[in-house]
Amino acid sequence: MHIRALRGGEGARLRQLRLAAIRDAPRAFFWSLDTESGITAQQWEAWADEPGNARGMFVAEEDDAWVGMAGCSIRAGDPTTLDATGMWVTPDARGHGLGERFVEAIERWGRARGAERMEFAVTETNDIAIALYRRLGFRPTGRRRALESYPQLTGMFMAKSLRADPVRG
(Lines give C-alpha, C1' and ligand atoms only; values in the text may rest on other atoms or scores of the structure.)
Protein backbone atom coordinates (compact mmCIF):
# COMPACT_ATOMS: atom_id res chain seq x y z
CA MET A 1 0.00 0.00 0.00
CA HIS A 2 1.26 3.45 -0.79
CA ILE A 3 0.00 6.94 -0.11
CA ARG A 4 -0.14 9.64 -2.74
CA ALA A 5 -1.75 13.01 -3.35
CA LEU A 6 -5.05 13.24 -5.17
CA ARG A 7 -4.63 14.01 -8.87
CA GLY A 8 -6.78 16.13 -11.13
CA GLY A 9 -9.65 14.18 -12.65
CA GLU A 10 -10.15 11.99 -9.56
CA GLY A 11 -12.92 13.99 -7.88
CA ALA A 12 -15.67 11.48 -8.71
CA ARG A 13 -13.63 8.60 -7.33
CA LEU A 14 -12.83 10.58 -4.18
CA ARG A 15 -16.52 11.38 -3.71
CA GLN A 16 -17.35 7.67 -3.87
CA LEU A 17 -14.67 6.86 -1.31
CA ARG A 18 -15.81 9.63 1.02
CA LEU A 19 -19.42 8.46 0.93
CA ALA A 20 -18.29 4.86 1.58
CA ALA A 21 -16.28 6.13 4.56
CA ILE A 22 -19.29 7.91 6.05
CA ARG A 23 -21.47 4.84 5.55
CA ASP A 24 -18.85 2.72 7.33
CA ALA A 25 -18.10 5.13 10.20
CA PRO A 26 -20.81 7.79 10.36
CA ARG A 27 -19.93 8.83 13.92
CA ALA A 28 -16.35 9.61 12.92
CA PHE A 29 -17.25 12.42 10.51
CA PHE A 30 -18.49 15.90 11.31
CA TRP A 31 -20.92 16.07 8.37
CA SER A 32 -23.79 13.66 7.76
CA LEU A 33 -24.20 11.39 4.75
CA ASP A 34 -27.04 13.62 3.54
CA THR A 35 -24.84 16.71 3.69
CA GLU A 36 -21.86 15.00 2.06
CA SER A 37 -24.03 13.51 -0.68
CA GLY A 38 -24.69 17.07 -1.83
CA ILE A 39 -20.99 17.70 -2.52
CA THR A 40 -20.32 17.19 -6.21
CA ALA A 41 -17.39 15.44 -7.84
CA GLN A 42 -16.37 18.81 -9.26
CA GLN A 43 -16.16 20.23 -5.73
CA TRP A 44 -13.95 17.31 -4.67
CA GLU A 45 -11.65 18.17 -7.58
CA ALA A 46 -10.62 21.27 -5.61
CA TRP A 47 -8.65 18.94 -3.32
CA ALA A 48 -6.32 17.81 -6.14
CA ASP A 49 -2.60 18.38 -5.76
CA GLU A 50 -1.89 21.54 -7.72
CA PRO A 51 0.64 24.35 -7.14
CA GLY A 52 -0.65 26.95 -4.75
CA ASN A 53 -3.61 24.86 -3.58
CA ALA A 54 -4.36 25.51 0.10
CA ARG A 55 -6.06 22.10 0.36
CA GLY A 56 -4.62 18.65 -0.01
CA MET A 57 -6.06 15.16 -0.12
CA PHE A 58 -4.15 11.91 0.13
CA VAL A 59 -5.32 8.46 -0.83
CA ALA A 60 -3.90 5.07 0.05
CA GLU A 61 -3.72 2.64 -2.84
CA GLU A 62 -3.31 -1.08 -2.94
CA ASP A 63 -2.88 -2.21 -6.51
CA ASP A 64 -5.58 -0.08 -8.20
CA ALA A 65 -7.96 0.04 -5.23
CA TRP A 66 -8.23 3.05 -2.93
CA VAL A 67 -8.18 1.84 0.67
CA GLY A 68 -8.07 5.11 2.58
CA MET A 69 -8.03 8.88 2.50
CA ALA A 70 -7.05 11.89 4.58
CA GLY A 71 -7.33 15.59 3.85
CA CYS A 72 -5.87 18.83 5.08
CA SER A 73 -6.00 22.55 4.47
CA ILE A 74 -4.16 25.67 5.46
CA ARG A 75 -6.48 27.57 7.78
CA ALA A 76 -8.01 30.67 6.22
CA GLY A 77 -6.78 33.71 8.10
CA ASP A 78 -4.00 31.74 9.82
CA PRO A 79 -1.46 30.38 7.33
CA THR A 80 0.62 28.86 10.14
CA THR A 81 -2.14 26.38 11.09
CA LEU A 82 -2.82 23.19 9.18
CA ASP A 83 -6.25 21.63 9.67
CA ALA A 84 -6.54 17.89 9.04
CA THR A 85 -9.85 16.30 8.09
CA GLY A 86 -11.61 13.13 7.08
CA MET A 87 -9.06 10.39 7.71
CA TRP A 88 -10.48 6.94 7.07
CA VAL A 89 -9.15 3.50 6.14
CA THR A 90 -11.22 0.61 4.78
CA PRO A 91 -11.84 -2.16 7.31
CA ASP A 92 -9.63 -4.62 5.40
CA ALA A 93 -6.69 -2.19 5.33
CA ARG A 94 -6.77 -1.28 9.03
CA GLY A 95 -3.91 -2.32 11.25
CA HIS A 96 -1.20 -1.74 8.63
CA GLY A 97 0.03 1.68 9.81
CA LEU A 98 -1.86 3.77 7.27
CA GLY A 99 -3.13 6.21 9.91
CA GLU A 100 0.42 7.07 10.93
CA ARG A 101 1.52 7.31 7.31
CA PHE A 102 -1.39 9.64 6.48
CA VAL A 103 -0.47 11.92 9.37
CA GLU A 104 3.17 11.98 8.23
CA ALA A 105 2.11 12.86 4.66
CA ILE A 106 -0.12 15.67 5.92
CA GLU A 107 2.63 17.02 8.18
CA ARG A 108 5.13 17.08 5.28
CA TRP A 109 2.57 18.81 3.07
CA GLY A 110 1.84 21.42 5.73
CA ARG A 111 5.47 22.11 6.60
CA ALA A 112 6.24 22.64 2.90
CA ARG A 113 3.60 25.39 2.96
CA GLY A 114 4.87 27.05 6.14
CA ALA A 115 2.48 25.51 8.66
CA GLU A 116 3.79 25.49 12.22
CA ARG A 117 0.87 23.75 13.92
CA MET A 118 -1.53 20.95 12.99
CA GLU A 119 -5.03 20.67 14.44
CA PHE A 120 -8.13 18.54 13.90
CA ALA A 121 -11.21 17.25 15.69
CA VAL A 122 -11.78 13.62 16.62
CA THR A 123 -14.96 12.16 18.08
CA GLU A 124 -14.41 11.78 21.83
CA THR A 125 -15.63 8.17 21.74
CA ASN A 126 -13.11 7.14 19.04
CA ASP A 127 -10.58 5.63 21.43
CA ILE A 128 -8.50 3.94 18.72
CA ALA A 129 -7.98 7.19 16.79
CA ILE A 130 -7.28 9.17 19.96
CA ALA A 131 -4.62 6.65 21.00
CA LEU A 132 -2.97 6.93 17.57
CA TYR A 133 -2.94 10.72 17.68
CA ARG A 134 -1.55 10.80 21.23
CA ARG A 135 1.20 8.38 20.20
CA LEU A 136 2.06 10.77 17.34
CA GLY A 137 2.39 13.71 19.74
CA PHE A 138 -1.04 15.35 19.51
CA ARG A 139 -2.67 16.72 22.65
CA PRO A 140 -6.21 17.95 23.38
CA THR A 141 -6.61 21.70 23.02
CA GLY A 142 -9.68 21.97 25.27
CA ARG A 143 -11.84 23.09 22.36
CA ARG A 144 -14.87 20.94 21.49
CA ARG A 145 -17.82 20.98 19.09
CA ALA A 146 -20.92 18.88 18.53
CA LEU A 147 -20.95 16.82 15.34
CA GLU A 148 -23.42 17.97 12.69
CA SER A 149 -24.01 14.31 11.85
CA TYR A 150 -24.75 13.28 15.46
CA PRO A 151 -25.25 16.36 17.66
CA GLN A 152 -25.23 14.17 20.77
CA LEU A 153 -21.57 13.36 20.04
CA THR A 154 -18.69 15.73 20.65
CA GLY A 155 -15.54 16.21 18.65
CA MET A 156 -12.52 17.23 20.67
CA PHE A 157 -9.73 19.17 19.02
CA MET A 158 -6.17 17.90 19.19
CA ALA A 159 -3.04 19.70 18.03
CA LYS A 160 0.73 19.56 17.89
CA SER A 161 3.57 21.76 16.80
CA LEU A 162 5.09 21.14 13.37
CA ARG A 163 8.19 23.14 14.16
CA ALA A 164 11.42 21.17 14.01
CA ASP A 165 12.64 19.91 17.36
CA PRO A 166 15.97 21.69 17.95
CA VAL A 167 17.35 18.59 19.68
CA ARG A 168 16.30 16.06 17.05
CA GLY A 169 16.38 18.35 14.01
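Everything quoted here is computed from the prediction, not taken from an experiment.
The closest side-chain heavy-atom distance from Trp88 to Arg18 is not below 4.5 Å. Counting heavy atoms from C-beta on, the side chains of Thr85 and Phe29 never come closer than 4.5 Å. For the pair Leu19 and Ser37, the minimum side-chain heavy-atom distance is below 4.5 Å. Counting heavy atoms from C-beta on, the side chains of Trp66 and Leu14 come closer than 4.5 Å.
The residues Glu124 and Arg144 are annotated as salt-bridged, a charged nitrogen and a carboxylate oxygen being separated by less than 4.0 angstrom. A salt bridge links Glu10 to Arg4: at least one charged side-chain nitrogen sits closer than 4.0 Å to a carboxylate oxygen. Taking a cutoff of 4.0 Å between a charged side-chain nitrogen and a carboxylate oxygen, Arg23 and Asp34 do not qualify as a salt bridge. Classification of Lys160 and Glu119 as a salt-bridged pair fails, no side-chain N sitting under 4.0 Å from a carboxylate O.
Summarising the geometry, atom OG belonging to Ser32 is positioned 7.5 Å from atom CD1 belonging to Ile22; distances are rounded to the nearest 0.5 Å. For the atom pair Met156 CE and Met158 CE, the distance stands at 4.5 Å (nearest 0.5 Å). The CD atom of Glu107 sits 10.5 Å away from the SG atom of Cys72 when rounded to the nearest 0.5 Å. In this structure, the separation between OG1 on Thr80 and CE on Met118 is 14.0 Å, given to the nearest 0.5 Å.
Minimum heavy-atom separation, Ala115 to Leu82: CB-CB, 3.8 Å. Between Arg55 and Ser73 the shortest heavy-atom distance is CG-CB, 3.8 Å. Between Trp47 and Gly56, the closest heavy-atom pair is CE3-O, 3.3 Å. Taking all atoms of both residues into account, the shortest heavy-atom contact from Ala48 to Arg7 is CB-C, 3.8 Å. Nearest heavy atoms, Gly155 versus Leu147: N-CD1, 3.4 Å. Across all their heavy atoms, Leu136 and Glu100 have their closest contact at CD2-CG, 3.6 Å.
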Go through it in stages, so that I can follow the logic: the residues are Tyr133 and Met87, the test is side-chain contact (heavy atoms from CB on, under 4.5 Å), and I'd like the CA-CA distance, side-chain angles, deciding distance and then a yes or no. CA-CA 12 Å; Tyr133 301 139; Met87 185 162 64; 3.1 Å; yes
Begin from the C-alpha positions of Phe58 and Ile106 and carry the test side-chain contact (heavy atoms from CB on, under 4.5 Å) through to its verdict. CA-CA 8 Å; Phe58 297 89; Ile106 289 169; 4.0 Å; yes
Test side-chain contact (heavy atoms from CB on, under 4.5 Å) on Met1 and Glu61 and set out the steps. CA-CA 5 Å; Met1 287 180 260; Glu61 287 184 313; over 6 Å; no
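In this model, no donor atom of one side chain and acceptor atom of the other lie less than 3.5 Å apart for Asn126 and Thr123. Asp92 and Thr90 form no side-chain donor-acceptor contact under 3.5 Å, judged by distance and modelled atom types alone. A donor atom on one side chain and an acceptor atom on the other are found under 3.5 Å apart for Thr35 and Glu148.
Following chains of ILVMFWY side-chain contacts shorter than 4.5 Å, one can reach Val103 starting from Val67, so the two form part of one hydrophobic cluster. There is a path of hydrophobic side-chain contacts, each under 4.5 Å, that joins Ile39 to Leu33. Under the 4.5 Å side-chain heavy-atom criterion for grouping Ile, Leu, Val, Met, Phe, Trp and Tyr, Trp109 is not connected to Val59 through any hydrophobic cluster. Under the 4.5 Å side-chain heavy-atom criterion for Ile, Leu, Val, Met, Phe, Trp and Tyr, Met69 and Ile3 are members of distinct hydrophobic clusters. The hydrophobic clustering, which links ILVMFWY residues whose side-chain heavy atoms are closer than 4.5 Å, places Leu17 and Leu98 apart.
With a 6.0 Å cutoff to the six-membered ring centre and a 45° limit on the axis angle, Arg145 does not count as a cation-pi contact of Phe157.
Counted within 6.0 Å of CD on Gln42, heavy atoms from surrounding residues, nucleotides or ligands total 12 or fewer; the atom is thus considered open.
Of the possible donor and acceptor atoms, one in the side chain of Arg111 sits under 3.5 Å from a partner among the backbone N and O of Leu162.
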